[in-house]
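Heavy atoms only: backbone and side chains are in, while hydrogens, waters and symmetry mates are out.
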Amino acid sequence: MNIASSTYWVLVADGGTARILEMRRKPAEFREVLKLESESRHLPTRDLVSDASGRSFHAQGPSGHSKRPRSDAHDLAEQAFSKKLVSKLEHAANMRVFGQLVIFADPKTLGRLRRHMSKALTARVTDELNLDLVGIPLNSLENRVRAKLGWSAR
C-alpha cells in the first residue's frame with residue numbers, strides 16, 4: 001500500500017485560520033503539519049480599504065454622493081485566504097503527500113473551500129464536518145477528531 005494513501009490530512013479551518021494535521025491509523029500518528037493565519041485577520045476594516053469612497057460621475061458632472069463598496073473588506077480577505085489555502089492543499093495533493101482529506105470548518109468556510117477546489121482534490125475529501133475546532137489545543141484536538149471520525153483512540 002502506498003504510504004500517502006494511508007495518510008489522512010485533517011483541515012481545521014475558519015475564515016482566517018487553518019491548521020493542517022496529519023493522521024494515520026496504523027501506526028497511530030497525529031501531528032500538526034502546517035498552521036496558516038490570514039495577515040488581515042485582526043485588522044480593522046479601515047486598514048483593509050482605501051481612505052475614501054469612490055465618486056460617481058454622471059453626464060452632467062460629478063455628483064455629491066459616494067459609492068458604497070459592493071462587498072465587505074473582511075469578506076474579501078476571507079475569500080482570498082480560502083483560495084490560498086486550497087492552493088496549498090492542491091499542491092500537496094499533486095505531490096501525493098496525503099491520500100484522504102477530512103475538513104472541519106464552519107458552513108461559510110466550507111462553501112468557500114469547495115468553490116476553489118479542483119475535482120481531483122474534491123475526490124480526496126472523505127468527510128466534511130460543520131465544526132469550528134480551530135482554537136482547540138492539539139492534545140485535545142486529536143481525541144475530538146478521532147471521535148468525530150469514529151476512530152478508536154490509540
Side-chain angles (χ1 to χ4, degrees), residues 1-51 53 67-154:
M1 176 188 290
N2 184 352
I3 292 175
S5 66
S6 65
T7 302
Y8 281 75
W9 266 21
V10 178
L11 172 63
V12 178
D14 64 16
T17 304
R19 296 167 71 187
I20 298 174
L21 310 155
E22 185 176 278
M23 193 163 90
R24 294 183 188 186
R25 286 186 182 202
K26 294 180 182 176
E29 185 180 351
F30 190 85
R31 68 183 181 93
E32 189 169 274
V33 175
L34 180 65
K35 183 171 184 174
L36 296 171
E37 192 160 334
S38 172
E39 295 170 6
S40 59
R41 173 105 177 143
H42 302 291
L43 293 176
T45 302
R46 70 177 179 272
D47 291 345
L48 295 176
V49 296
S50 64
D51 293 340
S53 297
K67 287 188 169 188
R68 299 234 177 226
R70 291 184 181 199
S71 57
D72 176 72
H74 286 282
D75 189 53
L76 290 173
E78 288 178 9
Q79 288 179 41
F81 179 73
S82 295
K83 192 172 185 176
K84 178 181 176 181
L85 177 57
V86 168
S87 176
K88 290 194 177 293
L89 292 170
E90 295 278 357
H91 178 72
N94 290 338
M95 299 298 292
R96 300 177 190 263
V97 175
F98 65 92
Q100 290 96 21
L101 177 65
V102 177
I103 302 174
F104 288 89
D106 60 275
K108 197 174 196 180
T109 303
L110 277 173
R112 286 186 176 130
L113 293 171
R114 280 189 208 115
R115 200 173 309 131
H116 297 296
M117 290 191 323
S118 68
K119 288 181 182 180
L121 181 59
T122 302
R124 290 180 186 232
V125 177
T126 58
D127 278 306
E128 292 179 349
L129 293 108
N130 179 9
L131 286 172
D132 186 356
L133 303 176
V134 170
I136 296 178
L138 188 62
N139 57 354
S140 302
L141 188 58
E142 179 177 7
N143 293 333
R144 294 278 302 267
V145 168
R146 286 183 180 279
K148 289 292 179 185
L149 296 176
W151 289 17
S152 61
R154 293 180 188 199

Do [X] and [Y] have side chains that get closer than 4.5 Å, going by heavy atoms?
X      : Y      : value
Leu133 : Arg19  : no
Glu22  : Trp9   : yes
Phe104 : Lys148 : yes
Leu141 : Val10  : no
Val102 : Leu129 : yes

Drop me the distance from [X]'s [atom1] to [Y]'s [atom2], to the nearest 0.5 angstrom.
X      : Y      : atom1 : atom2 : result
Asn130 : Asp106 : CG    : CG    : 7.0 Å
Arg112 : Asp14  : CZ    : CG    : 10.5 Å
Lys83  : Leu85  : NZ    : CG    : 13.0 Å
Arg31  : Glu142 : CZ    : CD    : 13.0 Å
Glu78  : Leu76  : CD    : CG    : 9.5 Å
Asp75  : Lys108 : CG    : NZ    : 5.0 Å

One thing to verify: whether Glu37 and Lys35 come together as a salt bridge, which I'm taking to mean a side-chain N less than 4.0 angstrom from a carboxylate O.
no
Quick check: closest heavy atoms across [X] and [Y], and the distance to 0.1 Å?
X      : Y     : value
Leu11  : Ala18 : CD1-CB, 4.0 Å
Leu121 : Ala93 : CD1-CB, 4.0 Å
Phe30  : Leu21 : CZ-CD1, 3.7 Å

Determine which pairs satisfy salt bridge (Lys or Arg N to Asp or Glu O under 4.0 Å) with at least one residue from residues 116-125, sequence neighbours left out, and list them in order.
none
Results of salt bridge (Lys or Arg N to Asp or Glu O under 4.0 Å) for Arg114 - residues two or more places apart only
Glu128
Going through the distances and angles, do Thr109 and Ile103 end up as a side-chain contact (heavy atoms from CB on, under 4.5 Å)?
CA-CA 10 Å; Thr109 303; Ile103 302 174; over 6 Å; no
Just checking, any donor-acceptor pair under 3.5 angstrom between side chains of Glu90 and Asn94?
no
Applying side-chain contact (heavy atoms from CB on, under 4.5 Å), run through Tyr8 and Leu149 and close with a yes or a no.
CA-CA 11 Å; Tyr8 281 75; Leu149 296 176; 5.6 Å; no
Between Arg146 and Met23, is a side-chain contact (heavy atoms from CB on, under 4.5 Å) present by the stated rule, with each step listed?
CA-CA 9 Å; Arg146 286 183 180 279; Met23 193 163 90; 4.2 Å; yes
Going through the distances and angles, do Phe98 and Val33 end up as a side-chain contact (heavy atoms from CB on, under 4.5 Å)?
CA-CA 11 Å; Phe98 65 92; Val33 175; over 6 Å; no
